[in-house]
Amino acid sequence: MKPVSEVKSAIPELYDPRHVEPRWQRYWSENRCFEAQEDPARPKYYVLEMFPYPSGRIHMGHVRNYTMGDVRARFLRARGYNVLHPMGWDAFGMPAENAAIERGVHPKTWTYENIAAMRDQLKSMGLALDWSRELTTCDPSYYRHEQEMFIDFMKAGLVERKVSTVNWDPVDNTVLANEQVIDGRGWRSGALVEKRDLAQWFLKITDFSEELLSALDGLDHWPEKVRLMQRNWIGRSEGLRFSFALEDAAGALLDERLTVYTTRHDTIFGATFCAISVDHELVRRLAGKDQGLADFRREVAALGTSEETIERAEKKGYPLGLFARHPFRPSVRLPVYAANFVLMGYGEGAIFGCPAHDQRDLDFARKYGLPVIPVVAPKEAESVSIGSEPYLEKEGAETVLINSDFLNGMTVPEAKEETARRMEAMGIGERKVNYRLRDWGVSRQRYWGCPIPVIHCKTCGIVPVPKSELPVVLPEDVTFDKPGNPLERHPTWKNVGCPSCGSAARRETDTFDTFIDSSWYYLRFCSPNADEPLDPKAADYWLPVDQYIGGVEHAILHLLYSRFFCRAMTRTGHLDMAEPFASLFTQGMVIHETFKTAAGEWIFPADAEHKDGRWFHAKTGEPLILGGIEKMSKSKRNVIDPEAIIERYGADTARWFMLSDTPPDRDIEWTEEGVEGAWRFTQRLWRLVNDAAKIGAAGNFADEGVELRRTVHRALQAVTDDLSNLRFNRSIARVYEAANALGAALQQSKPARAAIREAAKIMVLMFAPMMPHLAEECWKILGNQTAVVDTPWPKPEPALLAESEITIAVQVNGKRRDEIRIKKDLAREEIEATALALESVGRALGGRAPKKVIVVPGRIVNIVG
RNA sequence: GCCCCUGUGGCGGAAUGGUAGACGCGGCAGACUCAAAAUCUGUUGCUCGCAAGGGCGUGGGGGUUCGAGUCCCUCCAGGGGCACCA
């Protein structure tokens, strides 16, 4: 390793990050400071930030995310951990294809050029990353393992091919995700989106519904918010599945029964109709003989699935001419409808309607003139009357069943139990747990993704590509002149021989959802060059990820898929671990003021000028309107380019600003004053350290330096605690305190030299994880021969943390009246006596005798008068 | 509609049930300067008062406690997640 002394440093008046930062980046890189090796002798720590999509430029969100991860990595490294901190590229996805369509660049070229540009930008941030492990998901050396694992998943029964209804864009000839359908139209083409039934590949995430749910309880280093969102997403509900006998209009019993699912079986005597999904097998069958029903089905299908449509859609039904017999009152006939609000994908695709206690059922009943029978009422009331709103149980309210035969007088849980028990005894029902979670559809009719390694053969059916023939490499000679998937119209690629029978067969032309790529990349970092997806030895040493940091927008999909993937890989023998991320941190967004002209045109912050409390366009001078502080976005133009900031202020200033003031999980507002403040502070630190260095070699600690030492050691203790808990904003406040104390000490006519030298050293080490370049430069100025990256985290001296004299507050009737300075271990009685002797206390008591005195040693005295 | 989070000076925000406002930004005053910037020093919740010293203060209301920003109930406001899920 190159000695630090050979790295040239000048001591300019102004600290110039433009020269200093690249120099230290080179030093770290040349000395391979951050390349991790497995070392069983040392405790490991795996820090990871969510890897970026290579859009071409980093944005402020990246800066915030990667700064936090970097502080974590550098801090733990200094504390003796063997830290793994890698970086890669989530490189498949639609933007690359759009670039190809719009600008004629090949997706691969576009992607790799973007990666090169973004890599340089990330390097300019001075991140302590192990670049030797860099991986790119669009590289066959990465995705071949994905294909292999998919085949293993198939063998393990974790893959299913089934027909599902999708959003189909008839102009772009592709499936669209729900998020890509806006007001019923394709987001790119503007074409009316159709519903189509297509054969799709699914990963059976629902095999793990219960486990994915219950294991959330063990993730106690995850934000409660994220666990809750996943819980809701999985959506477990306990209910009853049972069947009704069906009869026709004439009252003749049919052979077939109607199975429904409910969580409110207690309300069975309030049932007044049944409703089934238009996609229900029974409805499909009846539609063959009933033109009106067929039309109704088409009408419902055309309505689309966007939230807005659903919100506005009226509850509609079509009577099927069938009736369900009430299980406990055979004479009661419930009309059966096909209805637009019943989903085929949940439960049985069929329900019984109890209008008195469900808004949706009530709307339906009112529209079709069906009876409304209240069956649950407050305990004191005899009954409830239902208008346009159902009676819903309020939490904690005591309610009982009414109008319900043998259930009358029971509580809701009792009634549920009794109903379930009876139906089970009758052999028509069973208790059933249902989940909202759906299987994961992974087929995309897209080019720029990982090819799905299967072959369709007319005789053999679906045949996996033999592992010896992997990877199935994406062909590069494709054209984007026509809409649709270029793989479909490639002249040769899709025509293959069947691996099983040899006859002419067709290659699968769908590619994987890119969420598959990101479901296991963190595993691959352990052994990026291994022949198998994951080298067990490396996995054993590095996994799980100890600290994962990213945006909350991935709280459900990416994090849930990753949790599923680990389980699936464990089942197929690729891994032995259920939970990939031991602790998770979700950082807030970077937000910024928006500016617009009177005409409503959004203006870049760079073109906005602040004068006399108002904003003007820097070029035209026209007054600007503030549009509110919002997430940085291209559409509102309120973006600040990190590259420009780093060029002007340096990476340390940008990093410092990102960590200051605002707690890391909240949204941070980017402001000019804030960056300027951070910039001034880097200069101030530089001056302080230079002044401290000039003060010369020191002898012993003198008495006059003890206050400085106390402050600095206390700050060190606090920074250590705060950095351990990702409380960056608080650590930064402590660094300011140390700097203020050091500054004051330097101003004194007879400076405490030894204490100042020590304070400067500790201060530099404390801010090093946050401003690593400045720290290295300062460290050198202080005469050190080793680099900060190789310097262990300092330890505070316990003697300096303890105080012999403390100040405690004195309250009278809970109101602070005074404070006293006392010896720390002063006896309770003496504290009481000291407090009672205070003039201020006597005044506040107004001559009354104290009734009671509460003394909390080390904290407070409260005198009750 | 259901679930969750947040609410503290002009602003970002501190505060194991124990001195509310650490630290920063901004402001004000002073030093340096011909001047400005930069830097350094002091000051800065509101309010009454010349002062000493009071009063009021953590979205509103109530409660528990010797003591509440912190715990409980309730209402209000802002943000987020899910949403025809039976």
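Only heavy atoms go into these numbers, but all of them, side chains included; no hydrogens, no water, no symmetry mates.
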Integer-rounded Å distance: B:A20 P and A:R816 CZ: 6 Å

Earlier contact from the 5' end, RNA chain B, for A:G814 and A:T662: A:T662

Under 4.0 Å protein heavy-atom contacts per nucleotide of nucleotides 21-26 of chain B, with B for base, S for backbone only and - for none: -BSSSS

Touch class at under 4.0 angstrom, heavy-atom based, for A:V856 against every strand present: base

Side chain to side chain contact (heavy atoms under 4.5 Å, CB included) partners of A:A356, counting only residues at least two apart: A:V372, A:P374, A:I386

Pairwise C1' distance for B:A31 and B:A38, with rounding to whole Å: 14 Å

Contact list (N/O, under 3.5 angstrom) for nucleotides 42-49 of chain B vs protein:
none

Inter-nucleotide C1' distance (B:G67, B:G63), Å rounded: 15 Å

Residue list, ring pair (Phe, Tyr, Trp, His ring centres under 6.0 Å) with A:F244, at least two apart or on another chain: A:F242

Euclidean distance, atom CG of residue A:D667 to atom P of B:G78 [Å, nearest integer]: 17 Å

Minimum-distance nucleotide to A:R436 side chain [options: B:A86, B:C40, B:C82]: B:C82

Residue A:R360, side-chain atoms from C-beta onward, closest of B:C3, B:G18, B:C85: B:C85

Salt-bridge contact A:K824-A:E805 (side-chain N to carboxylate O under 4.0 Å): no

Sugar-phosphate, base or nothing in reach of A:V552, heavy atoms under 4.0 Å: nothing

Closest nucleotide among B:U6, B:A86, B:C40 to the A:Y261 side chain: B:A86

B:G10 to B:C48 separation - P atoms, rounded to the nearest Å: 15 Å

Length of the CG-C1' vector between A:D358 and B:G1, whole Å: 11 Å

Opposite nucleotide pairing with B:U19, Watson-Crick or G-U, both atom distances under 3.5 Å: none

Qualifying residues under side chain to side chain contact (heavy atoms under 4.5 Å, CB included), relative to A:N813, sequence neighbours excluded: A:V864

Residue mapping more 5' on RNA chain B - nearest nucleotide basis, A:I668 or A:F352: A:I668

Gap in Å between the two C1' atoms, one belonging to B:G21 and one to B:C76, rounded: 25 Å

Residues forming a side chain to side chain contact (heavy atoms under 4.5 Å, CB included) with A:I860, sequence neighbours excluded: A:A809, A:Q811, A:V856

Between B:A86 (P) and A:R431 (CZ): distance, integer Å: 18 Å

Residues in salt bridge (charged side-chain N to carboxylate O under 4.0 Å, His left out) contact with A:D825, at least two apart in sequence or another chain: none

Side-chain donor or acceptor of A:E593 paired with backbone N/O of A:G628 under 3.5 Å: yes

P gap between B:U43 and B:C11, integer Å: 23 Å

Where the chi angle of B:G61 falls, syn if within 90° of 0 and anti if not: anti

Among B:C85, B:G18, B:C84, the one nearest A:I854 by side-chain distance: B:G18

Distance, rounded to the nearest Å, where A:N862 contributes CG and B:G18 contributes P: 13 Å

Euclidean distance for P, B:G60 against B:G7 (whole angstrom): 13 Å

Whole-angstrom distance between B:G69 and B:G9, as gauged at atom P: 14 Å

Any A:I756 side-chain heavy atom under 4.5 Å of A:L746 side chain: yes

Separation of atom CG in A:N813 from atom P in B:U65, rounded to whole Å: 16 Å

Proximity of A:H221 and A:F585 rings by center, below 6.0 Å: no

Sugar-phosphate, base or nothing in reach of A:T671, heavy atoms under 4.0 Å: nothing

Quiz item: A:K851 side-chain donor-acceptor pair to B:C66 base, under 3.5 Å: no

Which residues share a salt bridge (charged side-chain N to carboxylate O under 4.0 Å, His left out) with A:R727, sequence neighbours left out: A:D722

Test side-chain hydrogen bond (donor to acceptor under 3.5 Å, both in side chains) applied to A:E630 - qualifying residues, sequence neighbours left out: A:K636

Closest listed nucleotide, where the reference is the side chain of A:K315 and the choices are B:U19, B:C84, B:G81: B:C84

Nucleotide paired to B:G45 in any strand shown, Watson-Crick or G-U, under 3.5 Å: B:C56

Whole angstrom value for the distance that separates C1' of B:A38 from CH2 of A:W679: 12 Å

Salt bridge (Lys or Arg N to Asp or Glu O under 4.0 Å) between A:R360 and A:D363, worked out: CA-CA 5 Å; A:R360 196 193 42 196; A:D363 292 348; over 6 Å; no

Base-pairing assignment for B:C2 (Watson-Crick or G-U wobble, both under 3.5 Å): B:G81

Side-chain N,O (A:R666) to OP1/OP2 (B:G13) below 4.0 Å: yes

Side chain to side chain contact (heavy atoms under 4.5 Å, CB included) partners for A:A350, two or more places apart: A:L258, A:V260, A:I276, A:H280

Watson-Crick or G-U counterpart of B:G10, or none if no pair lies under 3.5 Å: B:C25

Enumerate, atom names and distances included, each donor-acceptor pair closer than 3.5 Å involving a side-chain atom of residues 667-681 of chain A, sequence neighbours excluded.
| residue | atom | partner | partner atom | Å |
| --- | --- | --- | --- | --- |
| A:D667 | OD1 | A:M589 | N | 2.8 |
| A:T671 | OG1 | A:G674 | N | 3.0 |
| A:E676 | OE2 | A:Y649 | OH | 2.8 |

Summary of protein contacts for nucleotides 51-62 of chain B, nucleotide by nucleotide, where a base hit scores B, a sugar-phosphate-only hit scores S (4.0 Å, heavy atoms): --SSSS------

B:C71 - base-pair partner by Watson-Crick or wobble geometry, distances under 3.5 Å: B:G63

Selected nucleotide, minimal atom distance to A:M229 side chain, candidates B:G13, B:A86, B:G81: B:G81

Rounded distance in Å - CE (A:M344) to P (B:A86): 16 Å

A:F273 and A:F352 aromatic centres sub-6.0 Å: no

Nearest-nucleotide pick for A:L343, side chain only, options being B:A86, B:G13, B:U19: B:A86

Any-strand Watson-Crick or G-U partner of B:C50, both distances under 3.5 Å: none

Nearest-Å distance once atom P is located in both B:A36 and B:G30: 11 Å

